[in-house]
Amino acid sequence: MVTVAYLGPPGTFTDAALHRLRADAHTSALLAGAEAVPAGTPDEALAMVRDGAADYACVPFENSVDGTVNPTGDALAAGRRLQIFAETELDVVFSILVRPGTAADEVRVLRTHPIAAAQVRRWVGVNLPRAHIETTTSTAAGAEQVAAGDADATAAPARAGEINGLVPLAENVADVGGARTRFVLVGRPGPPLGRTGHDRTCVVFGLPHEPNSLVQALTELSIRDIDLTRIGSRPTRVERFTYLFHVDLVGHIDDPVVAEALAALHHRTADLRFLGSWPVADGVGAGSAPPDRSEALDWIDGLRRGVDERGTGERGTGERGTGERGTGDR
């Protein structure tokens, strides 16, 4: 049976993302009949895949308000290579959940995930001025702690309240409207899902301490008209003040121009790690698609096979000769 580790317990946004991936046309076959196994952190979920305790992990990757989910990015950049096979996105709005009978002025401790805390802090300051925000491993864990009486309220998906017998003090809470979180399905390395024309590729690399090394690496992408959708740096945690660069680009490794760029990055960078090529969520383009160089590649292929540029399949005759020395312009 296929097993999928996810940031649990049941009722988290990651749990909801996994349900979406089960129904997605690109991943439904991969996850058919899969057993969901909760993990305490993204790092723990990914470690289960590395150790063989799970076939895949579903983990949060990027939030439209707070940016990259660093624990996930750091875990993917270290240890044995893992690979992203798919993504999905969810709108992120929270319910403020309490035990039945709890009034707003009775809330002293609101406990939730750090990313959730960042997205409701302003609302809590205005509407629950006596509340102190504390963080926990997940939104659903916060709901469990409220149900157990260890906290007064949590900011969590409504489903976490249904699971734990809590009621909403407020619904659809978010300091920034329209926030979305991207979740990814990660497994051990293997062939990527096929190119769709609406794809994303992610790599992580280090750079030598040489002038213009970052510019030279990014130039390999820019000269090929490849669109970047995310770039960031994170400490290597190996040597002081050294960094790894995390880059998302539009396109698939099966796009010839993307493959060419990755080969160039392999030459320009240190420890280049391919984290995968996969379809973007909902089939919506992530940016400008890579250029189609098929005509130019066909031209090169023709030259290799000795085909005349005019497509006749015969060697030219006039000034370019027949394989013997020319007798004209020389």
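Note that the numbering runs from 1 along the sequence shown for the chain. Both backbone and side-chain heavy atoms feed into the values below; hydrogens, waters and symmetry mates do not. In this text, all values refer to a predicted model and were calculated from it rather than measured experimentally.
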(request) Output the distance between atom CZ (Arg200) and atom OG1 (Thr229), rounded to the nearest 0.5 Å. (result) 5.0 Å

(request) Identify the two heavy atoms, one from Ser64 and one from Ala179, that lie closest to each other, and give their separation to 0.1 Å. (result) OG-CA, 3.4 Å

(request) Starting from the C-alpha separation in whole Å, work towards a yes-or-no answer on side-chain contact (heavy atoms from CB on, under 4.5 Å) for Val204 and His246. (result) CA-CA 5 Å; Val204 178; His246 296 238; 3.6 Å; yes

(message) Treating Thr201 as the side-chain partner and Gly251 as the backbone partner, does any N or O pair qualify as donor plus acceptor under 3.5 Å?
(response) yes

(request) Following the transitive rule for hydrophobic clusters with a side-chain heavy-atom cut-off under 4.5 Å over Ile, Leu, Val, Met, Phe, Trp and Tyr, establish whether Val167 and Val107 coincide in one cluster. (result) yes

(request) Calculate, to the nearest 0.5 Å, the distance between atoms OG1 and CZ belonging to Thr242 and Arg240 respectively. (result) 10.5 Å

(message) Just verifying a value: how many Å separate Arg273 CZ and Leu82 CG, rounded to the nearest 0.5 Å?
(response) 7.5 Å

(request) Not counting sequence neighbours, which residues clear side-chain contact (heavy atoms from CB on, under 4.5 Å) with Glu260? List them please. (result) Arg224

(message) Any heavy-atom pair between the side chains of Leu193 and Pro279 that's under 4.5 Å?
(response) yes

(request) List the atom of Val124, the atom of Ala131, and the distance in Å for their closest heavy-atom pair. (result) CG1-CB, 4.2 Å

(message) If hydrophobic clusters are built from ILVMFWY residues whose side chains come within less than 4.5 Å, do Leu221 and Val280 share one?
(response) no

Listed pairs under 3.5 Å, donor-acceptor, residues 32-45 side chains, sequence neighbours left out:
from, atom 1, to, atom 2, distance (Å)
Thr41, OG1, Glu44, N, 3.0
Glu44, OE1, Gly40, N, 3.4
Glu44, OE2, Gly40, N, 3.4

(request) Quick one: which residue pairs count as a side chain to side chain donor-acceptor pair (under 3.5 Å) with a foot in residues 156-175, not counting sequence neighbours? (result) Asp15-Arg159

(message) I'd like to know if the side chain of His113 and the backbone of Gly142 have a donor-acceptor N/O pair within less than 3.5 Å.
(response) no

(request) Please check if Val59 and Phe61 belong to a single hydrophobic cluster, counting links between Ile, Leu, Val, Met, Phe, Trp and Tyr side chain heavy atoms closer than 4.5 Å. (result) yes

(message) Checking the side chain of Ser213 only, and the main-chain atoms of His209 only, is there a donor and an acceptor separated by less than 3.5 Å?
(response) no

(message) Taking the side chain as everything from C-beta on, heavy atoms only, tell me whether Leu18 gets closer than 4.5 Å to Leu31.
(response) yes

(message) Rounded to the nearest 0.5 Å, what separates atom OG1 in Thr3 from atom CG in Asp55?
(response) 4.0 Å

(request) Hey, could you give me the CG/CZ distance between Asp255 and Arg293, rounded to the nearest 0.5 Å? (result) 11.0 Å

(message) Determine whether a donor-acceptor pair (N or O, by modelled atom type, separation under 3.5 Å) exists between the side chain of Arg188 and the backbone of Val49.
(response) yes

(message) Quick check: do Leu169 and Leu128 have side-chain heavy atoms less than 4.5 Å from each other?
(response) yes

(request) Can you sort out the partners of Asp292 under side chain to side chain donor-acceptor pair (under 3.5 Å), two or more places apart, ordered by chain and number? (result) Ser294

(message) Looking at every non-hydrogen atom in both residues, tell me the closest pair between Val120 and Ala155 and how far apart they are.
(response) CG2-CB, 4.0 Å

(request) Compare all side-chain heavy atoms of Ile231 with those of Leu218 and state whether any distance is below 4.5 angstrom. (result) yes

(request) Show your working on side-chain contact (heavy atoms from CB on, under 4.5 Å) between Thr219 and Arg268 and close with a plain yes or no. (result) CA-CA 10 Å; Thr219 297; Arg268 292 283 189 189; over 6 Å; no

(request) Would you indicate whether the side-chain heavy atoms of Val250 and Pro290 approach each other to under 4.5 Å? (result) yes

(request) Just grab all the ring pair (Phe, Tyr, Trp, His ring centres under 6.0 Å) pairs involving residues 78-105, residues at least two apart or on different chains. (result) Phe13-Phe94

(message) Under 4.5 Å between side-chain heavy atoms, counting indirect links through other Ile/Leu/Val/Met/Phe/Trp/Tyr residues: same cluster for Val173 and Val98 or not?
(response) yes

(message) Can you confirm whether Phe205 sits close enough to His266 that some side-chain heavy atom of one is under 4.5 Å from a side-chain heavy atom of the other?
(response) no

(message) For a quick test of reading the model, state the closest non-hydrogen atom pair linking Pro9 to Ala141 and the distance between them.
(response) CD-N, 3.7 Å

(request) Flag yes if Leu207 and Leu265 sit in one hydrophobic cluster, no otherwise; membership is Ile, Leu, Val, Met, Phe, Trp, Tyr, and two members link when side-chain heavy atoms are under 4.5 Å apart. (result) yes

(message) I need the minimum non-hydrogen distance between Trp278 and Glu87, along with the two atoms involved.
(response) NE1-OE1, 2.8 Å

(message) Quick check against the 3.5 Å criterion: does Asn63 have a side-chain atom that pairs as donor or acceptor with the backbone of Asp66?
(response) yes

(message) Can you give me the closest heavy-atom contact between Phe183 and Pro60, atom names plus distance?
(response) CD2-CA, 3.5 Å

(request) Please test Leu185 against His26 for side-chain contact (heavy atoms from CB on, under 4.5 Å), starting from the C-alpha separation and ending with a verdict. (result) CA-CA 11 Å; Leu185 183 70; His26 298 296; over 6 Å; no

(request) With sequence neighbours excluded, give me every side chain to side chain donor-acceptor pair (under 3.5 Å) pair touching residues 91-105. (result) Asp91-Arg180

(message) Tell me if a side-chain donor or acceptor on Asp199 pairs with a main-chain N or O of Gly197 at a distance below 3.5 Å.
(response) yes

(request) Kindly indicate whether the side chain of His132, heavy atoms from C-beta on, has any atom under 4.5 Å from the side chain of Arg108. (result) no

(message) For Ala53, is there any backbone N or O sitting under 3.5 Å from a side-chain donor or acceptor partner on Asp51?
(response) no

(message) Between Arg20 and Leu90, does the side-chain contact (heavy atoms from CB on, under 4.5 Å) criterion hold? Intermediate values first, please.
(response) CA-CA 9 Å; Arg20 289 199 64 178; Leu90 292 178; 3.2 Å; yes

(message) I need the single residue from Thr136, Asp152, Asp150 that forms a side chain to side chain donor-acceptor pair (under 3.5 Å) with Gln145. Which is it?
(response) Thr136

(request) Please check if the side chain of Gln119 supplies one atom and the backbone of Ala174 the other of a donor-acceptor pair under 3.5 Å. (result) no

(request) Please answer whether the main-chain N or O of Leu7 pairs with a side-chain N or O of Thr12 as donor and acceptor at a distance below 3.5 Å. (result) yes

(request) Check whether any side-chain heavy atom of Ile96 sits under 4.5 Å from a side-chain heavy atom of Trp123, and report yes or no. (result) yes

(message) Measuring from atom CD of Gln83 to atom SG of Cys202, what distance do you get when rounded to the nearest 0.5 angstrom?
(response) 11.0 Å

(message) Using only atom types and a distance under 3.5 Å, with no angle test, would you say the side chain of Thr135 pairs donor to acceptor with the backbone of Pro114?
(response) no

